[in-house]
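Atoms within each ligand, like the ligands themselves, are counted from 1 in listed order. Throughout, residue positions are numbered sequentially from 1 according to the sequence presented.
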Amino acid sequence: MSTQGRKNRSDKVTTQTVVNMKRSGEKISMLTAYDYTMATIVDSAGIDVILVGDSASNVMAGFDTTVPMTLEHMIYHTSCVVRGVERALVIADLPFMSYQVTIKEALISAGRMMKEAGAHAIKVEGGKYVAETVKRIVGAGIPVMGHLGLTPQSIYKFGTYKVRAKDDLEADELIKDAKLLEEAGVFSIVLEKIPTSLAKKVTETVSVPTIGIGAGPHCDGQVLVLHDMLGLNKDFSPRFLRRYADLHTTMTDAVTNYMKDVKNGDFPNESEQY
Ligand code: KIV
């Protein structure tokens, strides 16, 4: 299949597909990816949405928070993912301080993510403080996903990665924020680490799909960080995480066996040489 053909597949997931999935009651599956090889695997498996999250900061770069991520880093990761994807909708996070300072800067950041990286949509964190910005980005023709609850770019404001909006005040704010984002034109909203009952209420309140991470089963879809659900990272074990593989052990065993074979002269054998 030519590159042109691959990119023009008729079953490609669009933002409209995702909105329609909420209407028809079909759950939306979303995972992160940050590089070409992982993106090809996740896309071939049939995932609906790939998020190039700024969690790349933790997972790929080894930082403690998502704060250090730059627009250049995110454009690089997103372009790698886009080259590996035929079907899934690819959404890219706008990193910290690439959209908060002025609306003009936000439009430039979102535009670069679409034009230079080839993203299909962008995601921003926050509610009322970004609503006007969201409106302008959507007005420019760029689909936007919102993100409420535990928004990791605000970690220094929160001071903790614990569950958000457990009290009525913060819960009411979050519902208002979700409505404001909907009015501003988002096509979907991530709800991170909030009580199940609140996520249910938000999901019933807004017409756009909610995608939960640590937000219970009532969201319209679920997202996990790929490296966490594959068990690549042994140290991160939040309650919401389900591990579907133990690739840390699988990879450690593979490396150990390779080392053994090299040391004892077993690799390469006769059929592995020219
Ligand atoms: O950066 C990220 O991976 C995210 C998800 C956890 C939703 O924002």
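Close approach to Thr32 involves these atoms of ligand 1, each under 4.0 Å from a residue heavy atom: 3 (O). Ligand 1 places these atoms under 4.0 Å from at least one heavy atom of Asp54: 1 (O). Close approach to Ile213 involves these atoms of ligand 1, each under 4.0 Å from a residue heavy atom: 6 (C).
Proximity of Lys162 to Leu150: side-chain heavy atoms (C-beta onward) are nowhere separated by under 4.5 Å.
The protein heavy atom nearest to atom 4 (C) of ligand 1 is Leu51 CD2, 3.5 Å. Annotation: atom 8 (O) of ligand 1 to nearest protein heavy atom, Lys123 NZ, 2.9 Å.
Note on Lys123 versus Asp93: salt bridge recorded, some NZ/NE/NH1/NH2 to OD/OE distance being below 4.0 Å. Here Arg136 does not pair with Glu132 in a salt bridge; the nearest charged N to carboxylate O distance is not below 4.0 Å. No salt bridge links Lys179 with Glu182; every basic N to acidic carboxylate O contact stays at or beyond 4.0 Å.
Ring orientation note: the planes of His227 and Tyr34 are tilted relative to one another, at an angle of 30° to 60°.
Under a cut-off of 6.0 angstrom, the local environment of OH in Tyr76 is sparse, with at most 12 non-hydrogen atoms contributed by other residues, nucleotides or ligands.
When only interatomic distances are considered, the shortest N/O to N/O separation between Tyr34 and ligand 1 does not fall below 3.5 Å. Close N/O approach between Asp93 and ligand 1 is found [any backbone or side-chain N/O within under 3.5 Å].
Side-chain atoms of Thr14 and Thr17 include a donor-acceptor pair closer than 3.5 Å.
For Glu125, the closest heavy-atom approach to ligand 1 does not fall below 4.0 Å.
Residue Ser55 holds the heavy atom nearest to atom 3 (O) of ligand 1 of all those in Ser55, Ala33, Gly53, Pro152.
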